[in-house]
Amino acid sequence: MDRSSDETAVALEALSRDSGLRNWRLKGAELLPVIQGGMGVGVSAGGLAGTVAGLGGMGTISAVDLRRLHPDLMARTAHLNAEPDAGQRIDAANLEALGREIARARDLSGGRGLVAVNVMKALTAYEAYLRHAMACGIDALVVGAGLPLDLPELARDHPEVALIPILSDARGVQLVVRKWEKKGRLPDAIVIEHPRLAGGHLGAAKVADLQDPRFDFDVAIPQVLEFFKTAGLEGRIPLIAAGGIGSLEDIRRLQGLGAAAVQLGTAFAVTAECDAHPAFKQVLADAQPADIVEFVSTAGLPARAVRTPWLDKYLRLEERLQHKAHKKESCTMRFDCLAHCGLRDGTPSWGQFCIDKTLGHALEGHVDRGLFFRGAGALPFGSEIRPVRDLMRWLLGGIRPATSTGGATA
């Protein structure tokens, strides 16, 4: 990290303190109360995560299919089709890419903040990603898209790594904490993600559940804190609120409810340092409320994204495709990224498309072919693409860049 970044980090810490915000602690590190969430495929990699960490926050690398950011690894694997070891070779390339991105983030962070890796429980290579991230010296593991009841066992040899499940309500928190307690481990923090507001895969059983009031922060956070109190865990597990957060006032309100920090995804996805193509960022930044839709993904989870030409066509054909769903002999990408895939396994009520392929198209900026996950909330700088430092100044001090018009309606 260069001297100017170091000076910015110091200034941000002072700004946060002067704004009345509280820093929080994770595994002995004192951090700004802003976390950059994990976004795949390749959207939040070493460049974005390292920049956020370098400013005193926690940056998160999304583990899935990071080979897409490395031309040599793609040249080694993109052609694979019917080879019997295609999946193994792709998995090996992705693990190599994950190691590279962790090293890149470390270098950019300059020793400040923390770097995390996000791994979806629904991934076939879930365990391999976790183990490789720990072997590479990652600071924290963040796990969602399923209940990570096995995480304490998988991380037993790495007690220095913070374990952070993503959950959406008090019932899920109680289940995970009770199961983990029996294994001699507590979560080092818990992300409470609001499925009505977040982007990408959402923590609800079905789309109709997204409006359930039990997910509201002013319901979920007090309920979780009351559970901690009755369980004798008061003050031991920090809560991180995620979904629909976009201002200093939001952070103040959530810290007032008892959250230690907040996590943002889309607002970081539209920063200059985000690892995706500029066209990807502009699609998210330009989206209006009417452009954002919910549907069921190939992973069988509710999801939220921008209604691009590809998604619009898919949604029009969805019922027909689901009616014709049938089990395939193999994954169309020879990758088997998901342990259970609606398209490959022929699950009629799940998404009938290749999620890795469409997210990869989005990463590369192909608006006509890509799936562009996005949160439901307004963006701080409207349709502008701004540096991470500008976003942090806005969140921690309410300081808007001179050239920013703000006032986004998406």
Side-chain angles (χ1 to χ4, degrees), residues 12 15 19 32-40 42-44 47-49 51-52 55 57 59-60 62 191 193-202 210 217 240-254 261-294 303-308 311 359 362-363 365 367 370-410:
L12 286 173
L15 186 63
S19 297
L32 294 172
V34 173
I35 296 159
Q36 165 255 312
M39 296 169 284
V43 175
S44 66
L48 178 57
T51 300
V52 175
L55 295 178
T60 309
S62 176
V191 175
E193 185 176 82
H194 198 317
R196 194 180 73 245
L197 302 171
H201 289 108
L202 308 171
L210 298 178
F217 291 132
I240 302 162
I245 298 155
S247 69
L248 171 61
E249 290 71 25
D250 291 337
I251 303 175
R252 282 176 175 155
R253 180 178 67 84
L254 290 163
V262 300
Q263 177 177 287
L264 296 86
T266 306
F268 280 105
V270 297
T271 59
E273 293 88 349
C274 170
D275 296 276
H277 191 280
F280 170 93
K281 305 174 190 182
Q282 210 60 59
V283 167
L284 270 59
D286 289 341
Q288 299 300 305
D291 301 325
I292 301 169
V293 295
E294 294 84 34
R304 179 172 290 114
V306 180
R307 189 189 281 268
T308 52
L311 184 54
L359 289 176
L363 172 71
V367 180
L371 173 59
F372 293 75
F373 281 154
R374 189 199 191 280
L379 293 174
F381 308 128
S383 60
E384 291 185 65
I385 310 302
R386 306 289 308 183
V388 166
R389 66 175 181 273
D390 286 356
L391 177 60
M392 295 291 277
R393 284 171 178 151
W394 167 249
L395 294 171
L396 298 171
I399 299 173
R400 190 176 293 281
T403 58
S404 175
T405 57
T409 58

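Start at 1 with the first residue, then count along the sequence.
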Is there side-chain contact between [X] and [Y], with heavy atoms separated by less than 4.5 Å?
| X | Y | value |
| --- | --- | --- |
| Leu363 | His277 | no |
| Phe372 | Lys281 | no |
| His194 | Phe217 | yes |
| Cys274 | Phe268 | no |
| Val293 | Arg304 | no |
| Phe280 | Val43 | yes |
| Pro401 | Phe381 | yes |
| Gln36 | Leu264 | no |

[atom1]/[X] to [atom2]/[Y] distance, rounded to the nearest 0.5 angstrom?
| X | Y | atom1 | atom2 | value |
| --- | --- | --- | --- | --- |
| Leu12 | Leu396 | CG | CG | 6.0 Å |
| Glu249 | Ser19 | CD | OG | 9.0 Å |
| Leu254 | Gln263 | CG | CD | 12.5 Å |
| Asp286 | Gln288 | CG | CD | 8.0 Å |
| Leu379 | Ile385 | CG | CD1 | 8.5 Å |
| Leu55 | Arg389 | CG | CZ | 9.0 Å |

Verify, without hydrogens or angle tests, whether [X] (side chain) and [Y] (backbone) share a donor-acceptor contact under 3.5 angstrom.
| X | Y | result |
| --- | --- | --- |
| Thr308 | Gly370 | yes |
| Asp250 | Gly246 | yes |
| Glu193 | Val191 | no |
| Arg400 | Pro380 | yes |
| Thr266 | Arg374 | no |
| Thr51 | Glu273 | no |
| Gln282 | Ser383 | yes |

Please give me the minimum heavy-atom distance between [X] and [Y], naming the atom from each residue.
| X | Y | result |
| --- | --- | --- |
| Ile35 | Ala261 | CD1-CB, 4.2 Å |
| Met39 | Leu48 | CE-CD2, 4.0 Å |
| Gly38 | Ser62 | C-CB, 4.2 Å |
| Ala267 | Leu391 | O-CD2, 3.5 Å |
| Ala287 | Ile292 | CB-CG1, 4.5 Å |

Inset, instruction - Show your working on side-chain contact (heavy atoms from CB on, under 4.5 Å) between Val262 and Ile240 and close with a plain yes or no. - result: CA-CA 5 Å; Val262 300; Ile240 302 162; 5.6 Å; no
Inset, instruction - Would you sort out whether Leu395 and Ile251 count as a side-chain contact (heavy atoms from CB on, under 4.5 Å), showing the intermediate values? - result: CA-CA 8 Å; Leu395 294 171; Ile251 303 175; 4.0 Å; yes
Inset, instruction - Please assess Phe373 against His201 for the test side-chain contact (heavy atoms from CB on, under 4.5 Å), listing each intermediate value before the final yes or no. - result: CA-CA 8 Å; Phe373 281 154; His201 289 108; 4.1 Å; yes
